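Below you'll find the structure, written out as structure tokens, and then a few comments.
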Amino acid sequence: MSENFKVCFCCSRSFKEKKRQPPDSIKRLFEAYSRNGKMSSDDLLRFVNEVQGERHAGLDYVQDIFHSVKHHNVFHIHGLIHLNAFYRYLFSDINSPLPLSSQVHHDMKAPLSHYFVYTGHNSYLTGNQVNSRSSVEPIVQSLRKGVKVIELDLWPSPSGNSAEVRHGGTLTSHEDLQKCLTAIKDNAFHVSDYPVVITLEDHLPPNLQEKVAKMLTKTFRGMLFRWGSESSRQIPSPEELKKKILISTKPPKEYLESQTGQTSTTPRVKETSWSRPASSTNTAWKGLNKNPDDEEESESEAVGYRDLIAIQAGNCKNSLKDCLSDDPGKPRRISMDELWLENLVRTRGTDLVRFTQRNILRIHPKGTRVDSSNYDPLVGWTHGAQMVAFNMQGHGKHLWIMQGMFRANGGCGYVKKPRVLLDTHNLFDPSKRLPIKTTLKVKIYTGEGWDLDFPQTHFDQYSPPDFFVKIGIAGALRDTVTYRTETAVDQWFPIWKSEFLFQLSVPELALVWFRVQDFDSDTQNDFAGQTCLPLPELKSGVRAVRLHDRAGKAYKNTRLLVSFSFDPPYTFQIS
């Protein structure tokens, strides 16, 4: 059969259609574990144990595989499978490189500061940071994808009588605060029962803070977590906080001080580079200009609001040394943008690691990312930052890495930090050259599914696509590297013979990513799928790697066939 592409009204190009068939290397693998061109249950179990590394698999697991390929109608009459059935098994979802179960398997009983948390930035925005629409829709979508930290910016309404959600100082629209809170309540535990944190960027006077406190209490009721004792020395664990909503913001007194024109010669780490006080002529801010005799009354109005703050946030008002100081009796959260982080890691990297062993560090995009783009999350993660806040409505490689990280631990929104970041005696220094612990070997065999998920002329108007794969490691700086395969010309079912070696010094913090593109000599290469996989969850053997679109949604059919192995074998230990 041939595949025809129309060039003009009267002409067309014809390409011999290549059949979907196993590469020679897969054929040889099948021959090694079969007899007379057929594979029995015992043969398949031996393959699963020895090649796929499923040491604990038994005949029940093999029967599940047999069942998964039944609909291909390629069984022998005695229940033996042929090469094509074996090939279909390799490409099936049951042969995923990550655990199939959504079961949580990390220790969830450590303090909250011992986890990376799936974190959103300006969670209510549908598009860019300047003039896009505010809505509850992105909040709902984020929570249903596993995000566990939602950010709301609170500003006085034009009348000054209520609080609203909007990106201050921009042309973005506003959204009703009650609608946002209700959306959080209804979707907070859709993915898992582990806690949701609401970070409030608060620009409200005390009277509106009191209204917000009542709104929070009425909406969440018993779901709200409140400290039972002021003497608590650490933030409770995700296990203890199941089905709880935690409020994190600055206490009212600190808010009042930040609005009185207080200046400092030392730069301050702020919650957001967009935030700025409203004009003093705004009626909503008149409460801030009361005479000193009324200050006690203003503060007392906000007591209820203060009591709802589960994780106290603050700015660095003095030196950076004070900012990163660790008070054993008072864990806290500080926020800084990506530029401050990059500056600190050059001079205070180990101090950041020490601080994040007990306290929460939130990183957010710099203010110039008006297009809602994102930054490299590994800079924060390798220094222990728990809340690396992302614009979930953005696209691109860094968001794909974020999505890859939180595919770990059953996709519950919490990933336990590796031991290297929690060792209090030998502080981890990401800038140091560390010895190689293991080498990840990746071999890319083939891919399929594009003909089913895309129209015939999606990639090339006049010919089948020319696919190549980019592959790389995202992780500690010295582990980061990128390679690419050769280009498979005019093939819907490309076959590559590419093996790549990745030497890893901190494999616990590494992710392997794939991006497939269609090569175009005259224009920009076309996007053809991507995915990112956390190494601590990666299964060895020949695996079907499902690809995703730019937003992170999995394609129905498009996959790569890839083998993974560690040399020497490496055991990932979650502390």
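Note that the structure is predicted; figures quoted are calculated from it, not measured.
Salt-bridge check for Lys243 with Asp193: passed, with a basic side-chain N closer than 4.0 Å to an acidic carboxylate O. In this structure, Arg348 pairs ionically with Asp351, as a charged nitrogen and a carboxylate oxygen lie closer than 4.0 Å.
The side-chain contact (heavy atoms from CB on, under 4.5 Å) test with Lys179 singles out one residue from Val136, Ile139, Ile184, and that residue is Val136.
Looking at heavy atoms from C-beta onward, Trp381 lies out of side-chain contact with Ile363 at the 4.5 angstrom threshold. Taking the side chain as every heavy atom from C-beta outward, Leu143 and Val191 never approach each other to under 4.5 Å. The closest side-chain heavy-atom distance from Val149 to Val196 is not below 4.5 Å. Taking the side chain as every heavy atom from C-beta outward, Phe116 and Leu421 approach each other to under 4.5 Å. A heavy-atom distance below 4.5 Å is not found between the side chains of Leu154 and Glu201. With contacts defined as side-chain heavy-atom distances shorter than 4.5 Å, the pair Val388/Val117 does not qualify.
A donor-acceptor pair shorter than 3.5 Å can be found between the side chains of Ser157 and Ser162. Side-chain contact check for His395 and Arg550: no donor-acceptor pair (N or O, by modelled atom type) lies under 3.5 Å. Side chain to side chain, Ser134 and Arg166 fail the donor-acceptor criterion of an N or O pair below 3.5 Å. The closest side-chain donor-acceptor pair between Thr531 and His548 falls under 3.5 angstrom. Between the side chains of Thr219 and Gln178, at least one donor-acceptor pair of N or O atoms lies under 3.5 Å. Between the side chains of Thr350 and Asp429, no donor-acceptor pair is found at a separation under 3.5 Å.
The backbone N or O of Asn391 sits nowhere less than 3.5 Å from a side-chain atom of Arg369 that would complete a donor-acceptor pair. Ser123 places a side-chain N or O within 3.5 Å of a backbone atom of Glu151 that can act as its donor or acceptor partner. Between the side chain of Glu342 and the backbone N or O of Leu339 there is no donor-acceptor pair closer than 3.5 Å. Under a 3.5 Å cut-off, the side chain of Lys244 and the backbone N or O of Gly222 do form a donor-acceptor pair. Side-chain atoms of His167 come within 3.5 Å of backbone atoms of Gln129 as a donor-acceptor pair (strictly under, hydrogens ignored). Between the side chain of Asn187 and the main chain of Ala183, a donor-acceptor pair closer than 3.5 Å is present. Counting only distance, with no hydrogens or angles, the side chain of Glu239 and the backbone of Met108 share no donor-acceptor pair below 3.5 Å. Although no hydrogens or angles enter the test, the distance criterion places a donor-acceptor pair under 3.5 Å between the side chain of Ser372 and the main chain of Gly127. Thr119 places no side-chain N or O within donor-acceptor distance of the main-chain N or O of Met387, the cut-off being under 3.5 Å.
In this structure, Lys416 forms a cation-pi arrangement with Tyr115, its terminal cationic atom sitting closer than 6.0 Å to the ring centre and no more than 45° off the ring axis.
Residues passing the side chain to side chain contact (heavy atoms under 4.5 Å, CB included) test with Pro97 are Leu533, Leu538, Arg543, Val545, Phe564, sequence neighbours excluded.
Remark: Arg407 CZ to Ser96 OG distance equals 10.0 Å, nearest 0.5 Å. Summarising the geometry, atom CZ belonging to Arg333 is positioned 5.5 Å from atom OG1 belonging to Thr199; distances are rounded to the nearest 0.5 Å. Note that the CH2 atom of Trp513 and the CD1 atom of Ile473 stand 9.5 Å from one another [nearest 0.5 Å]. Here the CD-SG distance, from Gln103 to Cys412, works out to 11.5 Å after rounding to the nearest 0.5 Å.
Annotation for Leu477: atom CG does not count as buried by contact number, only 12 or fewer foreign heavy atoms lying within 6.0 Å.
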Verdict with reasoning, Gln209 to Asp202, per side chain to side chain donor-acceptor pair (under 3.5 Å): CA-CA 8 Å; Gln209 287 179 335; Asp202 176 4; 2.7 Å; yes
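Using a 30° and 60° split on the angle between ring planes, His364 and His121 fall in the parallel class, below 30°.
A centroid separation of 6.0 Å or more is found between the aromatic rings of Tyr118 and Phe390.
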